[in-house]
Amino acid sequence: MVILGLDLGAVRIGYATSDPGEQLATPRGVIKRRSTAQALDAVVRIAREVEAELVVVGLPISLDGGLHGQAKAVQAFAERLRTRLNLPLVYQDERLSTVTAAEALRAAGVRPERIRERLDAAAAAVILRDFLDQRQVAGTSGSVLGGSLPEG
């Protein structure tokens, strides 16, 4: 199945997709967030265009394991998105995904001035890759695996 991965930020939303065989997580692009309504419309449109069957949202869990300001904002957006999509939506711990993505872009030889424009989509791919890896280890490819993340 095709899975859409999201890295939700206050200014930009990075997105990535899996291949139907759930082996690859490919960065696809960035939505510049002008308003919540516009961002919701854009994500719904992209989910339909890629024919996603599942949406994975990166949840910024604090190093202390709690859900604080940005995590609560991500949950609020994701729950509004859930009501607009007729798809399952799950959360994936995104701790250090941006750092991992930046390191991968540098290692791939992306010029420093180009990293910022690619970072959010690359972080979405890291989040999605982590989710796919967990599914593969759990042997649940093709079914929804809901991780146990803190509620708040």
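- Using a distance-only test at 3.5 Å, with no hydrogens or angles considered, a donor-acceptor pair links the side chain of S18 to the main chain of I3.
- Note that CG of L89 and OG1 of T83 are 10.5 Å apart. Values are rounded to the nearest 0.5 Å.
- Pairing each heavy atom of A16 with each of A121, the nearest pair is CB-O, 4.2 Å.
- In plain terms, the two heavy atoms of A47 and L87 that are nearest each other are CB-CD1, 4.4 Å.
- Listed here is the closest heavy atom pair of A122 and P27: N-CB, 4.0 Å.
- With sequence neighbours left out, the salt bridge (charged side-chain N to carboxylate O under 4.0 Å, His left out) criterion links R80 to no other residue.
- Here the straight-line distance linking atom CD of E94 with atom CD of Q70 works out to 8.0 Å at 0.5 Å rounding.
- Atom CG of L132 is separated from atom CD of Q23 by 8.0 Å, given to the nearest 0.5 angstrom.
- With values rounded to the nearest 0.5 angstrom, D19 atom CG is found 4.5 Å from L24 atom CG.
- Within a 6.0 Å sphere centred on CD of E51, other residues, nucleotides and ligands contribute 12 heavy atoms or fewer.
- Proximity of L54 to F131: side-chain heavy atoms (C-beta onward) are separated by under 4.5 Å at one or more points.
- Closest approach of A125 and A25 over heavy atoms only: O-CB, 3.5 Å.
- Proximity of a side-chain donor or acceptor of R33 to a complementary backbone N or O of G9 within less than 3.5 Å is detected.
- Residue T17 comes nearest to L128 through the heavy atom pair C-CD2, 3.4 Å, listed as atom of the first residue, atom of the second, then distance.
- Rounding to the nearest 0.5 angstrom, the gap separating the CD atom in Q92 from the CG atom in D133 is 9.0 Å.
- Distance alone, capped at 3.5 Å, is enough to place a donor-acceptor pair between the Q38 side chain and the R34 backbone.
- The line from CG of D7 to OH of Y15 is 13.5 Å long, rounded to the nearest 0.5 Å.
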(message) Checking L4 against V56 for the side-chain contact (heavy atoms from CB on, under 4.5 Å) test, could you report, in this order, the C-alpha distance in whole Å, the side-chain angles of both residues, the deciding distance, and whether it holds?
(response) CA-CA 6 Å; L4 176 64; V56 176; over 6 Å; no

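- One hydrophobic cluster, built from ILVMFWY side chains closer than 4.5 Å, cannot hold both V44 and V30; they sit in different ones.
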(request) Could you give me the CA-CA distance, side-chain angles and deciding distance for F77 and V57, then say whether side-chain contact (heavy atoms from CB on, under 4.5 Å) is met? (result) CA-CA 10 Å; F77 182 93; V57 176; over 6 Å; no

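- With sequence neighbours excluded, the residues that form a side chain to side chain contact (heavy atoms under 4.5 Å, CB included) with R111 are E113, R114.
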(message) Please evaluate residues L59 and D93 with respect to the criterion side-chain contact (heavy atoms from CB on, under 4.5 Å), reporting the C-alpha separation (whole Å), side-chain torsions for both, the decisive distance (0.1 Å), and the verdict.
(response) CA-CA 5 Å; L59 188 64; D93 184 353; over 6 Å; no

(message) Between L81 and L6, does the side-chain contact (heavy atoms from CB on, under 4.5 Å) criterion hold? Intermediate values first, please.
(response) CA-CA 11 Å; L81 180 62; L6 299 174; 3.8 Å; yes

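- Here the shortest heavy-atom pairing between I46 and I31 reads CD1-CD1, 3.6 Å.
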